[in-house]
Each structure stands twice: as structure tokens, then as C-alpha cells.
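If you read the sequence from its start, that first residue is 1, and numbering goes on from there.
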Amino acid sequence: MKKNRDLSELFSIIDNQLINSPLKAIELLEDNSEHFEDDILFFLRLGELYFEQKKYDSALLSFSRALELEPENVEVLSHISDVYIKKNDYTQAEVALLKAIEYEPKNALLLSKLANLYFGIGKYYESQQLLIQAIEEEPKAEYYSLLATIYKKMDNDIACWNTLVKAEQLFPKNINILNQIGAYYFDLDNFSKALSYFQSALALDPENQYSLFQLAKTFEKMNDPYNAIDIYSKIVEINPDHALAYYYLGKLYSSLGDFAQSLTCYSKCLELDPSFFDAALDLASIHWVSKNYNKAISVLEETLKFSKEDEIYKMMINIYEEIGEETKAKYYRKLLEKNNNED
């Protein structure tokens with residue numbers, strides 16, 4: 001009893017220490033490892049802290065010690081699988097989860113974790129079967145969501161749709177399910193239905209970036225650029241680092257002839273992601289059409305640091321031909337030829 005009390009007291013100290021210094025909390029546990037060398041709770045907690053600090057090898061050692069103490073502990077096996085996934089060792093992660101499921105074959109959480117693992121490595125059929133089992137044991141929106149995604153990956157549209165319909169019946173206010181149904185309608189070009197579902201999702205979470213992004217894309221498909229601009233603008237207000245939203249803003253402003261705003265948005269996109277090829281090409285094109293040749297060339301030269309696509313060389317050639325610099329045009333023709341030969 002005293003040892004349990006001592007461990008509780010130690011954990012209480014650890015909880016307070018975590019607020020200011022997680023590493024010192026770990027050091028404190030490490031200093032007490034000999035005293036609690038036969039206590040599974042101690043090694044579980046230490047492993048969890050190592051895991052949170054991305055010290056995966058140390059986490060694995062702690063969880064392995066816990067497993068030595070209780071070889072059939074499914075919580076420990078689940079933690080071990082998490083570590084192996086972080087280390088990209090999916091084979092060992094699978095082994096740990098299969099062993100855990102062997103001990104608790106109706107544990108929906110374990111079944112779903114293995115399903116997620118299989119989904120991540122492209123074993124869709126195996127993932128599907130596990131999710132069906134998990135749903136039988138404990139119906140959850142997240143299980144239905146992944147199952148519908150898997151059916152979509154397997155080109156089984158009927159099963160995907162039936163799964164989503166069932167999920168909506170059970171979880172009518174689940175944002176992920178509403179978004180998935182909206183995306184399903186979007187793919188069918190039923191944009192009015194898609195709009196309705198994305199708006200329903202946003203009624204539950206007005207700042208959900210996925211819902212906002214899909215809503216903006218839907219407005220684009222409905223030939224409503226102004227509402228699309230409003231939604232993309234809201235996205236960058238919520239997340240100023242959303243390069244893709246800036247890109248689409250640039251395209252929309254360009255389509256409306258507002259090249260000043262378009263340049264601003266494309267430039268911001270490239271500031272956030274200098275390797276964004278399409279944004280760079282569009283930005284350079286606007287500068288070129290505006291006869292700001294030096295700016296166009298500068299954008300393309302910067303893009304060549306990240307991409308060697310033919311379109312860049314071709315645009316450079318055309319610009320230099322237009323301004324009468326044949327030597328440089330010839331230089332980029334040679335680079336284009338070399339690029340094609342390498343392909």
C-alpha cells in the first residue's frame with residue numbers, strides 16, 4: 001500500500017512539474033526507476049512522457065519493460081504499436097496490435113487502430129473488415145467515416161454512399177460525416193446539395209477550415225466568384241499560413257481582372273510556400289503580360305530552385321525573345337533540351 005501511495009505522490013509531483021518542464025519531469029521519474037522497477041504503472045507513465053517528447057527509442061524501452069511485467073496488457077501493446085508507427089516500422093506495429101486483439105478480440109478501439117494502420121499502408125480490404133467488426137462492437141462516427149473513405153478508395157460508390165447515409169442517421173451533427181456527404185455530392189456535380197452539407201457543417205463549427213475550403217470550391221463551381229472570394233478570405237483570416245487559399249484567391253482575382261489583388265495573393269502564397277509551382281507560373285504570367293519583364297524573370301528564376309518543369313524554361317525563352325535578348329533565350333533553350341533528354 002505504501003508503494004502505491006508513494007507512486008501516487010510521485011505522479012502528483014510529476015503533474016506539477018510538467019507544466020514548466022516536461023524534461024525535468026522525465027528526469028525525476030528516471031531517478032526513481034529503481035524504486036519502482038516492478039511497477040507497470042510507473043513504466044507506462046514514463047513511456048508516455050518519452051512518447052510525448054518524441055523520444056521514441058526510450059519510450060519503447062519503457063513500454064517493453066511494462067510488457068515484461070504484464071505480457072497480456074493490451075494498453076501496453078497499444079502504446080508499443082504507437083511507437084512503431086512513429087518509427088515507420090509498420091510490421092512491428094501490426095504485430096503488437098494483432099497480439100492485443102488476440103487478448104481482446106472485441107475491443108473496438110484496438111480494431112480501429114489496426115484498421116487505420118492497414119488503411120495507411122494501402123491494405124484496404126483488411127481495414128474494411130476490421131472497421132465492420134469495430135462498428136458491430138461500438139458504433140462511432142469516426143469508424144463510419146473511415147469505412148466510407150475506404151469504400152471510396154476501392155471504387156465501391158454504393159457501399160460508400162450507404163455507409164454515409166447510415167452514419168448521418170446515427171450522427172446527424174457530426175462535422176466529418178456532413179463534410180464527407182458534401183464531398184460526395186460535389187464529386188457528382190450536385191453543387192447545391194454539396195453547398196447545403198458544407199453549410200450544415202459550418203453551422204456546427206464556423207471556423208472549420210476544411211468545410212470553408214470545400215464551400216469556397218463549391219461556390220467556384222457554381223460560378224459565384226464573389227462568394228468564393230469571401231470564403232477564401234475568411235480562411236486566411238483564421239489561418240494566415242494557408243498558402244492554398246491565397247493561391248485560389250489569386251486565381252479568382254485574376255479571373256475578375258483585379259490583377260493588383262491577384263499579385264498580392266500569389267506573392268503571399270509564394271512567401272508561405274516558395275515551391276508552389278502553379279502560383280509562381282501564374283504570378284510570372286501576370287508580370288509578363290504587364291510587361292514587368294524583370295519581375296517575371298525573377299519569379300521564374302526563384303522557381304527554378306525548386307522545380308525544373310518545362311513550362312518555366314518555355315516562359316523564360318518567350319520572355320527573352322520578346323525583349324530581344326536572344327543569347328539568354330538560346331541559353332534556356334539548351335536547358336530545356338537538356339531537361340527533356342534527362343527525362
Side-chain angles (χ1 to χ4, degrees), residues 1-123 126-127 129-131 133-138 140-143 145-146:
M1 183 67 72
K2 183 177 184 301
K3 192 171 184 180
N4 289 337
R5 187 174 68 248
D6 288 346
L7 186 60
S8 296
E9 290 172 358
L10 178 59
F11 284 171
S12 179
I13 295 169
I14 293 299
D15 288 338
N16 292 328
Q17 187 69 62
L18 282 170
I19 299 171
N20 298 315
S21 177
L23 293 179
K24 286 186 178 179
I26 289 175
E27 288 177 6
L28 183 57
L29 280 177
E30 289 172 338
D31 291 342
N32 283 271
S33 59
E34 288 187 9
H35 185 59
F36 297 102
E37 62 182 351
D38 296 322
D39 196 309
I40 186 173
L41 293 178
F42 175 87
F43 287 101
L44 261 175
R45 187 65 186 280
L46 181 57
E48 289 167 352
L49 290 181
Y50 280 135
F51 186 84
E52 290 169 7
Q53 296 302 309
K54 300 181 180 180
K55 295 177 177 290
Y56 300 127
D57 289 336
S58 297
L60 189 57
L61 287 173
S62 292
F63 291 137
S64 296
R65 174 55 185 155
L67 194 63
E68 289 175 6
L69 296 169
E70 288 189 22
E72 297 183 8
N73 189 300
V74 297
E75 182 183 0
V76 176
L77 287 164
S78 181
H79 280 307
I80 288 173
S81 76
D82 291 338
V83 175
Y84 278 123
I85 288 170
K86 289 294 185 181
K87 290 166 67 70
N88 297 320
D89 189 340
Y90 303 119
T91 300
Q92 289 303 317
E94 179 187 16
V95 169
L97 285 171
L98 286 171
K99 179 61 69 174
I101 291 170
E102 181 183 321
Y103 297 132
E104 292 190 15
K106 294 187 177 183
N107 187 314
L109 180 59
L110 294 174
L111 292 167
S112 70
K113 285 186 74 170
L114 185 55
N116 271 284
L117 172 62
Y118 283 149
F119 175 74
I121 60 177
K123 297 175 74 170
E126 292 84 348
S127 182
Q129 293 301 307
L130 287 163
L131 284 168
Q133 292 179 55
I135 287 169
E136 288 175 357
E137 299 301 330
E138 185 182 1
K140 280 190 173 183
E142 63 195 79
Y143 302 162
S145 177
L146 182 56

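- Sparse packing is recorded around NZ of Lys55, with 12 or fewer heavy atoms of other residues, nucleotides or ligands lying under 6.0 Å away.
- In plain terms, the two heavy atoms of Ala59 and Gly47 that are nearest each other are CB-O, 3.6 Å.
- Closest non-hydrogen pair, Ala93 versus Ile85, comes out as CB-CG1, 3.7 Å.
- Nearest heavy atoms, Ala115 versus Ser127: O-OG, 2.7 Å.
- Under the 4.5 Å side-chain criterion, counting only non-hydrogen atoms from C-beta, Glu126 is not in contact with Glu94.
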For a side-chain contact (heavy atoms from CB on, under 4.5 Å) check, start with the C-alpha distance between Val95 and Ile80, then their side-chain angles and the critical distance, and finish with the verdict.
CA-CA 10 Å; Val95 169; Ile80 288 173; over 6 Å; no
Determine, step by step, whether Ile26 and Glu30 satisfy the side-chain contact (heavy atoms from CB on, under 4.5 Å) criterion, reporting the C-alpha distance in whole Å, the side-chain angles of both residues, the deciding distance to 0.1 Å, and the verdict.
CA-CA 6 Å; Ile26 289 175; Glu30 289 172 338; 3.6 Å; yes
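- Atoms CG and NZ, on Leu77 and Lys113 in that order, are 10.0 Å from each other to the nearest 0.5 Å.
- Distance check: Leu111 CG to Ile101 CD1 gives 5.0 Å after rounding to the nearest 0.5 Å.
- Residue Pro22 comes nearest to Gln53 through the heavy atom pair CB-NE2, 3.3 Å, listed as atom of the first residue, atom of the second, then distance.
- Taking the ring pair (Phe, Tyr, Trp, His ring centres under 6.0 Å) definition, one finds that Phe43 meets it with nothing, sequence neighbours left out.
- Proximity of Leu109 to Ser112: side-chain heavy atoms (C-beta onward) are separated by under 4.5 Å at one or more points.
- Looking at every heavy atom in both residues, Val74 comes nearest to Tyr103 through CG1-CB, 3.9 Å.
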Run Asp6 and Phe36 through side-chain contact (heavy atoms from CB on, under 4.5 Å) and show every step you take.
CA-CA 10 Å; Asp6 288 346; Phe36 297 102; 4.1 Å; yes
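- Closest of all the heavy-atom pairs between Ile40 and Leu69 is N-CD1, 3.7 Å.
- In this model, a donor atom of one side chain and an acceptor atom of the other lie less than 3.5 Å apart for Asn88 and Tyr90.
- Using a 4.5 Å heavy-atom threshold, the side chains of Arg65 and Leu46 count as separate.
- With sequence neighbours excluded, no residue forms a ring pair (Phe, Tyr, Trp, His ring centres under 6.0 Å) with Tyr84.
- Looking at heavy atoms from C-beta onward, Ser78 lies in side-chain contact with Leu110 at the 4.5 angstrom threshold.
- Interatomic distance, Leu131 CG to Leu146 CG, rounded to the nearest 0.5 Å: 4.5 Å.
- A distance of 13.0 Å separates CG of Asn16 from OG of Ser21, quoted to the nearest 0.5 Å.
- The main-chain N or O of Ser8 is never found under 3.5 Å from a side-chain atom of Ser12 such that the two would form a donor-acceptor pair.
- Residues Val83 and Asp89 fail the side-chain proximity criterion, which asks for heavy atoms closer than 4.5 Å.
- Counting heavy atoms from C-beta on, the side chains of Glu70 and Val76 never come closer than 4.5 Å.
- Two residues are said to be in side-chain contact when any heavy atoms from C-beta on lie closer than 4.5 Å; Phe42 and Leu10 meet this criterion.
- Interatomic distance, Leu49 CG to Leu23 CG, rounded to the nearest 0.5 Å: 10.0 Å.
- Residues Phe51 and Lys86 form a side-chain contact, since some pair of their non-hydrogen atoms from C-beta on lies under 4.5 Å apart.
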Evaluate Glu27 against Lys24 for salt bridge (Lys or Arg N to Asp or Glu O under 4.0 Å), listing each step before the verdict.
CA-CA 5 Å; Glu27 288 177 6; Lys24 286 186 178 179; over 6 Å; no
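- Interatomic distance, Arg45 CZ to Asp15 CG, rounded to the nearest 0.5 Å: 4.5 Å.
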side-chain contact (heavy atoms from CB on, under 4.5 Å) for Lys87 and Asp57? Distances and angles first, verdict last.
CA-CA 9 Å; Lys87 290 166 67 70; Asp57 289 336; 2.5 Å; yes
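- When the ring pair (Phe, Tyr, Trp, His ring centres under 6.0 Å) test is applied to Tyr143, no partner is found at least two apart in sequence or on another chain.
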